Amino acid sequence: MLDIKLIRTNPDQARAGLAKRGVEELVDDLLHLDQERRDRLTTVENLKNKRNVVSKEVGRLKAAKSDATELINEMKQVNEEIKKLDREIKDVEEKINNMLLSIPNLPQEDVPVGKDEKENVEIRQWGKPREFAFEPKPHWELGEELDILDFDRGAKLSGARFTVLKGFGARLERALINFMLDLHINEHGYTEIFPPFLVNQECMVGTGQLPKFEEDMFKVNPEGYFLIPTAEVPVTNLHREEILEAKDLPKKYVAYTACFRAEAGAAGRDTRGLIRQHQFNKVELVKLTTPENSYQEHEALVRDAEEVLKRLGLPYRTVLLSSGDMGFSASKCYDLEVWLPSYGVYREISSCSNFEDFQARRANIRFRPEPDAKPDFVHTLNGSGLAIGRTVAAILENYQEEDGTVTIPEALVPYMGGITVIK
RNA sequence: GGAGAGAUACCCAAGUCGGCUGAAGGGGACGGUUUGCUAAACCGUUAGUAGGAGCAAUCCUAGCGAGGGUUCGAAUCCCUCUCUCUCCGCCA
């Protein structure tokens, strides 16, 4: 959510930022409604002051056994007016709020302006895609042949975009979760969180999934709960409506959760394999920082996520998203893309965003810069560290042998109970 | 699911019959006096927050779990909801 005060005092900055995302015309509507709200507010507050003063006077008169009928009648009139104005203010505020909740974040200065992913900028590459002496198979073929991925039974149990992991497939999934958690906890200094997978609506508004993207979410039947699309939601919302101490920042959290996405609008895309599932596992990094430190914390977070790919020996590249490809809440976002031999392309495996105070304002997460200072909004950041299903796909494809077996990356062997090959 | 109790400021807690109660009294924290130092004692300070007006000093509005209602006036009366706790039942 953008700051209405920023829009009020600096409308051109808001216009310029939103122009990069093609929604700048909303600024004038907002300014108009804001003015309307403040005019009415001033009027009604004066009336309320009058009511407070007169009511005390009534009390005094009654105590003195004097007649207060005239004042009481006068206040009845005033009350009618207050009620009317209060209603109007409430309506305007609701409009303003709904607009603010639907306006995307402003991109940072160094975000490339562009329409879509074609205008993303590659920042760096790591590792060399392996030269195969044979035709590399897609991970779903490898998985089925090794009897570790069962797409048909996933479909039988649940439907399309659900997969059953079996034997070393299940073990590999679990090994990756533990490997990533351990790395981030022990070497990168994150605190592990295991949050609920169902959250209430306030959380979803807080991180920006609602109100705009409800159709992407799974809603649960006894009303009021949503399945989380990412651990970002519960973990960022841990500190919703709180005021943190500056000395406790940055907060660095890592969480494994399952993630649930309706994938509305993705029909027909990535229908085979593990790339796009309704349910998938992810280890997520979340940071809450002061505004001054958020940019360097963002870079560090990207490095923490990259380290996972390095340890696993998976070639990847880091891409800075253009303004058009960035998510709704982000002010700046790097994607990590892993090499998938069967596709012959780099595919997104992690998305690392700085939201600045956009989510913090929605979720009302603040900190006190100095012991007695006014609270200010924190900056929130997060990134996958990494998406487990896509990592499994990448390992199967990059580490496959001609005979259809898959070598286990060295870093993972201890987590796989010592086995070095899936065959 | 059944029965009950509760939610007031940093914490505990009072709040009478609705009216100088935006909140008694403790504790804690902070400041001071005393002291060689510490402790003790004594004195003092201690809503935070959001919003609005103003160049500013400052003023105003909201706020006693949340949302409504009654009333000239609500922490106090009425309704709805949320959460916490106790007991019983059920359950991994």
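None of these values were measured; they are calculated from a predicted model. Chain letters run A, B, ... following the sequence lines, proteins first and then strands; every chain starts at 1.
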**Prompt:** Roughly how many Å is it from CG in A:L85 to C1' in B:G52, rounded to a whole number?
**Reply:** 14 Å
**Message:** Return the pairing partner of B:C72 with a 3.5 Å limit on both distances, Watson-Crick or G-U wobble; otherwise return none.
**Reply:** B:G19
**Message:** OP1 or OP2 of B:G52 versus the side-chain N and O atoms of A:R37: is any pair under 4.0 Å?
**Reply:** yes
**Request:** Name the nucleic acid region contacted by A:L41, choosing base, sugar-phosphate or nothing; use a 4.0 angstrom heavy-atom cut-off, strictly under.
**Result:** sugar-phosphate
**Request:** Answer yes or no: does a side-chain N or O of A:R40 lie under 4.0 Å from OP1 or OP2 of B:A53?
**Result:** no
**Prompt:** Within less than 4.0 Å of OP1 or OP2 of B:A53, is there a side-chain N or O belonging to A:R38?
**Reply:** yes
**Request:** Tell me whether the OP1 or OP2 atom of B:G68 has a side-chain N or O from A:K90 closer than 4.0 Å.
**Result:** yes
**Request:** Would you mind telling me which of B:A62, B:U70, B:G52 lies closest to the side-chain atoms of A:K48?
**Result:** B:A62
**Asked** How far does the C1' atom of B:A24 sit from the matching atom of B:G1, given to the nearest Å?
**Response** 42 Å
**Asked** Given the C1' atoms of B:G73 and B:A14, what is the spacing between them in whole Å?
**Response** 23 Å
**Base partner of B:A56, which must satisfy Watson-Crick or wobble distances under 3.5 Å** = none
**Message:** Mind checking if A:N73 touches a base, just sugar-phosphate, or nothing, with heavy atoms under 4.0 Å?
**Reply:** nothing
**Prompt:** What distance do A:I422 atom CD1 and A:I148 atom CD1 have between them, rounded to the nearest 0.5 Å?
**Reply:** 4.5 Å
**Prompt:** Taking CD1 from A:I243 and P from B:A9, how many angstroms apart are they, rounded to a whole number?
**Reply:** 14 Å
**B:A14: pairing nucleotide in any strand, Watson-Crick or G-U under 3.5 angstrom** = none
**Asked** Quick one: which of B:G73, B:U70, B:G51 gets closest to the side chain of A:K83?
**Response** B:U70
**Prompt:** Would you say A:K76 reaches B:U71's phosphate, i.e. side-chain N/O to OP1/OP2 under 4.0 Å?
**Reply:** no
**Asked** What is the nucleic acid contact for A:R8, judged by heavy atoms within less than 4.0 Å: base, sugar-phosphate only, or nothing?
**Response** sugar-phosphate
**Request:** Quote, to the nearest angstrom, the P distance that separates B:A53 from B:G26.
**Result:** 41 Å
**Item:** Among B:C72, B:C60, B:G52, the nucleotide that comes nearest once only the side chain of A:N49 is considered
**Value:** B:C60
**Message:** Categorize A:K5 for me: base, sugar-phosphate, or nothing, with a 4.0 angstrom heavy-atom threshold over every strand shown.
**Reply:** sugar-phosphate
**Distance test, side-chain N/O of A:R366 to OP1/OP2 of B:A50, below 4.0 Å** = yes
**Request:** Looking only at side-chain atoms of A:E45, point me to the closest of B:U49, B:G19, B:C60.
**Result:** B:C60
**Prompt:** How far does the C1' atom of B:U84 sit from the matching atom of B:A92, given to the nearest Å?
**Reply:** 23 Å
**Message:** Return the pairing partner of B:A41 with a 3.5 Å limit on both distances, Watson-Crick or G-U wobble; otherwise return none.
**Reply:** B:U33
**Item:** Gap between atoms CZ and P, on A:R60 and B:U21 respectively (whole Å)
**Value:** 12 Å
**Item:** Inter-nucleotide P distance (B:G67, B:C72), Å rounded
**Value:** 23 Å
**Prompt:** Using a cut-off of less than 4.0 Å, is there contact between a side-chain N or O of A:N79 and OP1 or OP2 of B:G73?
**Reply:** yes
**Complete:** In whole angstroms, the gap separating C1' of B:C72 from CD of A:E81 amounts to 16 Å
**Prompt:** If the P atom of B:C91 is compared with that of B:A5, how far apart are they to the nearest Å?
**Reply:** 28 Å
**Request:** Let me know which of A:D29, A:L33, A:L30 forms a side chain to side chain contact (heavy atoms under 4.5 Å, CB included) with A:K95.
**Result:** A:L33
**Message:** Looking only at side-chain N and O atoms, does A:Q108 offer a donor or acceptor that is under 3.5 Å from a partner on A:S331?
**Reply:** yes
**Message:** Taking the basic N atoms (NZ, or NE/NH1/NH2) and the acidic carboxylate oxygens, is any pair closer than 4.0 Å for A:K282 and A:E284?
**Reply:** yes
**Message:** Of the listed nucleotides (B:G52, B:U61, B:C72), which one gets closest to any side-chain atom of A:N52?
**Reply:** B:U61
**Request:** May I ask you to check whether A:N105 and A:S329 show a side-chain donor-acceptor distance below 3.5 Å?
**Result:** no
**Request:** Using a 4.0 Å heavy-atom cut-off across all strands, classify A:K62 as base, sugar-phosphate, or nothing.
**Result:** base
**Item:** B:G63 versus B:A23 - spacing of their C1' atoms, nearest Å
**Value:** 12 Å
**Asked** Going by the angle between their ring planes, with limits at 30° and 60°, are A:Y256 and A:F197 parallel, tilted or perpendicular?
**Response** perpendicular
**Asked** Contact class for A:V58 vs. all strands (heavy atom < 4.0 Å): base, sugar-phosphate, or nothing?
**Response** base
**Request:** Return the value, rounded to whole Å, for the distance between atom CZ of A:F367 and atom C1' of B:U49.
**Result:** 16 Å
**Message:** Check this one for me: any side-chain N or O of A:R361 less than 4.0 Å away from OP1 or OP2 of B:A50?
**Reply:** no
**Prompt:** Separation of A:K56 atom NZ from B:A74 atom P, in whole Å?
**Reply:** 12 Å
**Asked** Taking atom P of B:A50 as reference, at what distance in whole Å does atom CG of A:N364 sit?
**Response** 8 Å
**Message:** Between A:Q277 and A:T163, do the side chains contain a donor N or O and an acceptor N or O under 3.5 Å apart?
**Reply:** yes
**Complete:** From the candidates B:A62, B:C60, B:A50, the one with an atom nearest any side-chain atom of A:R51 is B:A62
**Request:** Report yes or no: do A:D325 and A:S322 form a side-chain donor-acceptor pair below 3.5 Å?
**Result:** no
**Message:** Any strand counts, and the cut-off is 3.5 Å on both contacts for Watson-Crick or G-U wobble. Which nucleotide pairs with B:A5?
**Reply:** B:U84
**Message:** Between B:G69 and B:A74, how far apart are the two C1' atoms, rounded to whole Å?
**Reply:** 12 Å
